[in-house]
Peer 1: 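Right, I'll just put the structure down here and ask away after.
Since the structure is predicted, the reported quantities are computational estimates derived from the model, not experimental observations.
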Amino acid sequence: MGDVEAQDRRGSGGSDASHADCRRVHGHEARARCLPEPWMCDVFLVDGSLRDIRVLDVERADWIAVLDHLRSVADVTEVEHPYAQLDPVRPAVADLFRAQWDEPEGQGTNFAFRARFDGVWFCALPYDEEEIEFSLWPDDVVDGADVAAVLRFLTEVGTACGRRVLLTGETTRYHPNLPTLIHHDPTTGLSHGI
């Protein structure tokens, strides 16, 4: 077993390179691991910033559908919230949004929702009813299985809300000129922009 293979999957070595000359081809020493395809290395470059997963022009019902669906298909989901009237461990998703946006004591508060697919965590802080946004750390994507987990997550979100799902670089708000790294459209499937 090679040195890279022998290291822990979440350790500094990552997975064994499936295209052996990854660093030479990409010319970037920041890549501690090599993913199955060069475009994957570009999308998940460990550069200190998050990657954002977005669904634009949504309503509260879309958020609720997505989070409820993720609870049923993710390996693990977690919720953190400050709402004393709700179940501290597994509150109803609709109740979280109601407490945050409709009740006076919820104004200015937020809850966090996390879902894990394989080894990758996807985190949301729903602060905008009109845009679904999850973030992930590219450091968590260390091999082909993790790329597959990200692609599955995009597909599950798109399935739940019936809308186009974008994976972009980290920003505070989406801008149409922001490059889309990967997207899933429920009618056409997955595509990458690299």
Peer 1: Looking only at heavy atoms, what is the nearest atom pair of Gly169 and Leu178, with distance?
Peer 2: O-CD2, 4.2 Å
Peer 1: According to a hydrophobic-cluster definition based on side-chain heavy atoms being under 4.5 Å apart (Ile, Leu, Val, Met, Phe, Trp, Tyr only), do Ile132 and Trp101 belong together?
Peer 2: yes
Peer 1: At their closest point, which heavy atom of Ala149 faces which heavy atom of Phe122, and how far apart are they?
Peer 2: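 Smallest heavy-atom distance, with atoms named: O-CZ, 4.1 Å.
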Peer 1: Quick one: pull up NE2 in His81 and CD in Gln100 and give me the separation to the nearest 0.5 Å.
Peer 2: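 Reported to 0.5 Å precision, the distance equals 11.5 Å.
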Peer 1: Ser49: what forms a side-chain hydrogen bond (donor to acceptor under 3.5 Å, both in side chains) with it, not counting sequence neighbours?
Peer 2: Asp47, Arg51
Peer 1: So which atom in Arg152 and which in Val73 form the shortest heavy-atom distance, rounded to 0.1 Å?
Peer 2: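 Taking Arg152 first and Val73 second, the nearest heavy atoms are NH2-O, 3.0 Å.
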Peer 1: Is Ile53 reachable from Leu151 through a run of I, L, V, M, F, W or Y residues, each pair having side-chain heavy atoms under 4.5 Å apart?
Peer 2: yes
Peer 1: If the condition is side-chain hydrogen bond (donor to acceptor under 3.5 Å, both in side chains), which residues does Asn110 pass it with, not counting sequence neighbours?
Peer 2: none
Peer 1: So which heavy atom on Cys161 is nearest to which on Val55, and how close?
Peer 2: SG-CG1, 3.9 Å
Peer 1: Name each donor-acceptor pair under 3.5 Å that joins a side chain in residues 183-190 to protein atoms two or more places apart or in another chain, with its distance.
Peer 2:
unit_1 : atom_1 : unit_2 : atom_2 : d
His183 : ND1    : Arg164 : NH2    : 3.4
Asp185 : OD1    : Thr187 : N      : 2.8
Asp185 : OD1    : Thr187 : OG1    : 2.5

Peer 1: With the 4.5 Å side-chain cut-off for hydrophobic clustering, are Val142 and Trp121 part of the same group?
Peer 2: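 They do not share one cluster, since no chain of ILVMFWY contacts under 4.5 Å joins Val142 to Trp121.
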Peer 1: How long is the span from the OG1 atom in Thr109 to the CG atom in Leu96, to the nearest 0.5 Å?
Peer 2: 10.0 Å
Peer 1: Which heavy atom of Ser135 sits nearest a heavy atom of Asp52, and at what distance?
Peer 2: OG-OD1, 2.9 Å
Peer 1: Which side-chain N or O atoms in residues 84-95 pair as donor and acceptor under 3.5 Å with protein atoms at least two apart or in another chain?
Peer 2:
unit_1 : atom_1 : unit_2 : atom_2 : d
Gln85  : NE2    : Glu103 : OE1    : 2.8
Asp87  : OD1    : Val89  : N      : 2.7
Asp87  : OD1    : Arg90  : N      : 3.0
Asp95  : OD1    : Arg98  : NH1    : 2.3

Peer 1: Got a sec, which pairs hit ring-ring contact (aromatic ring centres under 6.0 Å, His included) with one end in residues 48-71, sequence neighbours left out?
Peer 2: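 Qualifying pairs: Trp63-Phe97.
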Peer 1: Considering residues at least two apart in sequence or located in another chain, which fulfil the salt bridge (Lys or Arg N to Asp or Glu O under 4.0 Å) criterion with Asp57?
Peer 2: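 Partners of Asp57 under the salt bridge (Lys or Arg N to Asp or Glu O under 4.0 Å) test: none.
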Peer 1: Roughly how far, to the nearest 0.5 Å, is CG of Leu35 from CG of Asp143?
Peer 2: 7.5 Å
Peer 1: State the OG1-CZ distance between Thr168 and Arg54, to the nearest 0.5 angstrom.
Peer 2: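 If we round to the nearest 0.5 Å, Thr168:OG1 and Arg54:CZ are 4.5 Å apart.
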Peer 1: In Å and rounded to the nearest 0.5 Å, what is the CD to CD1 distance from Glu129 to Ile64?
Peer 2: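 Glu129 CD to Ile64 CD1: 8.5 Å, rounded to 0.5 Å.
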Peer 1: Please confirm whether the backbone N or O of Val120 pairs with a side-chain atom of Asp118, one donor and one acceptor, at under 3.5 Å?
Peer 2: no
Peer 1: Can you name the closest pair of heavy atoms from Val58 and Arg163 and give their distance?
Peer 2: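 Val58 and Arg163 have their closest heavy atoms at CG1-CD, 3.7 Å.
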Peer 1: Do Phe117 and Leu181 share a hydrophobic cluster, counting only Ile, Leu, Val, Met, Phe, Trp and Tyr and linking them when any side-chain heavy atoms are less than 4.5 Å apart?
Peer 2: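 Same cluster.
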Peer 1: Decide yes or no for Val150 and Asp146: does some side-chain heavy atom of the first lie under 4.5 Å from some side-chain heavy atom of the second?
Peer 2: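 Answer no - side chains too far apart.
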Peer 1: Thr77: what forms a side-chain hydrogen bond (donor to acceptor under 3.5 Å, both in side chains) with it, not counting sequence neighbours?
Peer 2: none
Peer 1: Ring pair (Phe, Tyr, Trp, His ring centres under 6.0 Å) with Phe134: which residues, sequence neighbours excluded?
Peer 2: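 Ring pair (Phe, Tyr, Trp, His ring centres under 6.0 Å) check on Phe134 returns Phe153.
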Peer 1: How many angstroms lie between CG in Leu50 and CG in Leu136, if you round to the nearest 0.5 Å?
Peer 2: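 Taking CG in Leu50 and CG in Leu136, the distance rounds to 7.5 Å.
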Peer 1: Same cluster or not: Phe111 versus Val66, using hydrophobic residues (I, L, V, M, F, W, Y) connected whenever any side-chain heavy atoms lie under 4.5 Å apart?
Peer 2: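 Yes, it is one cluster - the side chains of Phe111 and Val66 are joined through contacts under 4.5 Å.
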Peer 1: May I have all residue pairs that pass salt bridge (Lys or Arg N to Asp or Glu O under 4.0 Å) and include part of residues 64-81, sequence neighbours excluded?
Peer 2: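 Non-adjacent pairs meeting salt bridge (Lys or Arg N to Asp or Glu O under 4.0 Å): Asp75-Arg116, Glu78-Arg114, Glu80-Arg114.
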